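Before any comments, here is the structure.
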There are 2 protein chains.
Amino acid sequence: MKSRITIKDIARELSVSTSTVSKALKDSHEISESTKAKIKAFADFYHYKPNSLALKLRNQKTQVIGIIIPEIVHHFFSRVISGIEKVANQHGYNVMICVSNESYDKELLNIEMLANGSVDGLLISLSKETQKIKDFKHFDELIENNLPFVLFDRIEKTINCDKIIIDDEGGAYRATKYLIEKGCKKIALITTPAYVTVGESRKMGYIKAHQKHGINVAESLVIKIDKDDDDHDAIYALIKKLIFVKNPPDGIFAVNELYAALAMKVSKERGLRIPQDIEIIGFTDGIISEFSSPALTTVAQHGYTMGKHAAEMLINRIENKANGNFQTEVISTDLKFRESTLN
Amino acid sequence: MKSRITIKDIARELSVSTSTVSKALKDSHEISESTKAKIKAFADFYHYKPNSLALKLRNQKTQVIGIIIPEIVHHFFSRVISGIEKVANQHGYNVMICVSNESYDKELLNIEMLANGSVDGLLISLSKETQKIKDFKHFDELIENNLPFVLFDRIEKTINCDKIIIDDEGGAYRATKYLIEKGCKKIALITTPAYVTVGESRKMGYIKAHQKHGINVAESLVIKIDKDDDDHDAIYALIKKLIFVKNPPDGIFAVNELYAALAMKVSKERGLRIPQDIEIIGFTDGIISEFSSPALTTVAQHGYTMGKHAAEMLINRIENKANGNFQTEVISTDLKFRESTLN
DNA sequence: AGCAATTACGAAACCGATTTCGTGTTAAAA
DNA sequence: TTTTAACACGAAATCGGTTTCGTAATTGCT
């Protein structure tokens, strides 16, 4: 059960003090060349590596960034993480990832776990439950202890911190506008409950695009899915109610690719041709869209970029390179044309 | 720039020693009720939380599990992580995730980072490069320092540790056998280069199924994709060479869902009807298969289960509940029938 | 030769906790 | 009245490092 060798072991074996060992290993001028050589050789031989906990405690700096996300089996979030990881590593940071599972309690627990000295800063995307019950007191404590943190994607305006979001409203606006201008007369919206802010923003874009064209949005064309993303059957059933009607919509804008893909499935079963009878656009960073048939036109949201920028914002804060005021950065979207809309 | 309150602050403010504070907060019988009350009230008021680095250093126990995976934007691996996270949390552990990006150097770096006291144990899936160059010396050091670790999915037999794998060969065998028994005469295999062990095992299953039926596998029906998974176009081009020929295959077994989905795309473009003219089976834990059209029949590999079991194996090691010998657990697969094969 | 400067190292404080051991005070037992 | 035990707390060691400061021995300068 031998464990990793420590500086004390080296000191004892070579009959010098721990200070001498420490300095020798850092090539300090205070130590003679001969002693340094001896110590370095010994340390090398036994593969000495300083204990990182001890260093972190001493330096009051962990070089670790904590990430709290609602779920990890999620293409968008995993891209964000990938971007974070990239930038973090470039700056010598590691990442510690916690999953809130869309639960307020777990989010709170995670924050408490990570905020006790384990990390230098936090990157957080709010859980659905947190957005629903609107309780943000766990962030007050972060602010009190002035631990830097950045909210990304699922944010809350009233929290005083740096934020980074997708241009949800703009993306939805352009997608809807595109459908309107292609001649769609009945464009349905498949969205989330209102407490999911990104869904709400996208709905806003959908509405504004209609207003811009002087069209009144029929409430019957808007459905809110209050089901777990894993429960495809339940979502499917809700969408069916939208499409299996006398005069089905001739356009659909869905706030994520899952809804869009399921809408496409339902449409095909209803006998509608895509895109001739009904045009569909999703919102996503995903792969369902690419491989569904017909391939889905989507609002591409660039999660990798968001992750990179979020990490940069946070590291700037941690290293005090940021100016005083908190920023909110908006990542713009692209409309990616595929087969589910007419050329 | 006030920072988190420490036990020393409390001791100073209340004119007691740090030992008294520590004991009081742990409700020790050594401390009088009145003093305990006073200290607890003070600590509560200032939201005192012990510094976790100090605890970890003191206890020589981090309650953190390190995970090293080749990539994170990957449905299978994210499911594995999800399973790990679940079990780890149940046992009071957190997870720290590092990505090797399929690079040997980064894998080595990650291991060194995590093995210096940051974690109690490691869960590792080998990078492609590591499998290619077959250099496993970084694991020797883990063994020397006896830091528990478990290899999952992409493993190496010669490393002396616990391992957990998918029944790649068995899954491939049953999938291929199914195609043969459905009457396919020319079943192509789309696989990875040989150094990717999971690809090789699946190839073995494919071959054995043929042998079982006394069929010789034509080398021309086996293609190895040596392209980055992100480079869909390049993969597409390789698959095209397989299918755009005079007598195309009437069955395809692909070692992952990306290859299967792309093969389906190519087949459709070649004018082949799926599943009437060509039947396709993929190997996966993913979502492309579900939403592609026709939906793909696949060998389901249960990443979530693998993650849970891997975490359990590791925690048993960490907490010395495992018996002495190293185990290799095999997670079995299911053939999930969808539209890309005849009923 | 006498004094200052340099060299080479060790002692001790520190990071933030826990825990063992020691001790002064008080109350109960002899 | 003396002994003893219980009580309540503090000093110090510990985890594994880094860093400041102090100092003995040597060297350099006048």
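Throughout, protein chains are lettered first and strands after them, A, B, ... in sequence-line order, and every chain is numbered starting at 1. Everything numeric in this text was worked out from a predicted model, so none of it was measured.
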Mind checking whether [X] and [Y] have side chains closer than 4.5 Å, heavy atoms only?
| X | Y | answer |
| --- | --- | --- |
| B:Val150 | B:Lys163 | no |
| A:Leu147 | A:Leu122 | yes |
| B:Val95 | B:Ile84 | yes |
| B:Val64 | B:Lys56 | yes |

Apply ring-ring contact (aromatic ring centres under 6.0 Å, His included) to [X] and list each qualifying residue two or more places apart in sequence or on a separate chain.
| X | value |
| --- | --- |
| B:Phe76 | none |
| A:Tyr48 | none |
| B:Tyr46 | B:Phe42 |

(request) Take A:Asp140 and A:Lys137 through the test salt bridge (Lys or Arg N to Asp or Glu O under 4.0 Å) and record every step on the way to the result. (result) CA-CA 5 Å; A:Asp140 293 342; A:Lys137 66 170 177 299; over 6 Å; no

(message) Please enumerate all residues that pass side-chain hydrogen bond (donor to acceptor under 3.5 Å, both in side chains) together with A:Arg154, with sequence neighbours excluded.
(response)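 If we apply the side-chain hydrogen bond (donor to acceptor under 3.5 Å, both in side chains) test to A:Arg154, skipping adjacent residues, the hits are A:Glu102.
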
(message) Pairing donors with acceptors under 3.5 angstrom, does anything connect the side chains of B:Thr35 and B:Ser32?
(response)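 Side-chain D/A pair, B:Thr35 to B:Ser32: present.
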
(message) Please report the end-to-end axis angle for the helix from C:dA1-D:dT30 to C:dA30-D:dT1, five pairs per end, rounded to 10 degrees.
(response) 70°

(request) Give the C-alpha distance, both sets of side-chain angles, the deciding distance and a yes or no for side chain to side chain donor-acceptor pair (under 3.5 Å) between A:Ser19 and A:Ser22. (result) CA-CA 5 Å; A:Ser19 354; A:Ser22 175; over 6 Å; no

With 3.5 Å as the limit, what N/O pairs link the protein to nucleotides 21-25 of chain C?
none

Review item, side-chain donor-acceptor pairs of residues 108-121 of chain A, under 3.5 Å, at least two apart:
residue, atom, partner, partner atom, Å
A:Asn110, ND2, A:Val99, O, 3.2
A:Asn110, ND2, A:Lys106, O, 3.2
A:Glu112, OE2, B:Lys49, NZ, 3.4
A:Asn116, OD1, B:Arg4, NH1, 3.2
A:Asn116, ND2, A:Glu112, O, 2.8
A:Ser118, OG, B:Ser52, OG, 2.8
A:Asp120, OD1, A:Thr62, N, 2.8
A:Asp120, OD1, A:Thr62, OG1, 2.9
A:Asp120, OD2, A:Lys61, NZ, 2.8
A:Asp120, OD2, A:Thr62, N, 3.3
A:Asp120, OD2, A:Gln63, N, 2.7

(message) Tell me the closest heavy-atom pair linking A:Ala88 and A:Ala311, and the distance in Å.
(response) N-CB, 4.5 Å

(message) Short of 4.0 Å, heavy atom to strand atom, which residues of residues 45-62 of chain A count as contacting DNA chain C?
(response)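 Residues of residues 45-62 of chain A that come under 4.0 Å of DNA chain C are, in numerical order, A:Leu57, A:Arg58, A:Gln60.
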
(request) Could you identify which residues of residues 6-22 of chain B place a heavy atom less than 4.0 Å from some atom of DNA chain C, listed by residue number, or say none? (result)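 Close to the strand are B:Thr6, B:Ile7, B:Lys8, B:Ser19, B:Ser22.
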
(request) Could you name each residue pair satisfying ring pair (Phe, Tyr, Trp, His ring centres under 6.0 Å) that touches residues 302-329 of chain A, not counting sequence neighbours? (result)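 Sorted result for residues 302-329 of chain A: empty, none.
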
(message) For residues 92-133 of chain B, which residue pairs pass the ring pair (Phe, Tyr, Trp, His ring centres under 6.0 Å) check, not counting sequence neighbours?
(response)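 Output for this query lists B:Tyr104-B:His138.
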
(message) What range of DNA chain D does chain B touch, first nucleotide to last, counting atoms under 4.0 Å from its heavy atoms?
(response)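 Contact span on the strand: D:dA8 to D:dG16.
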
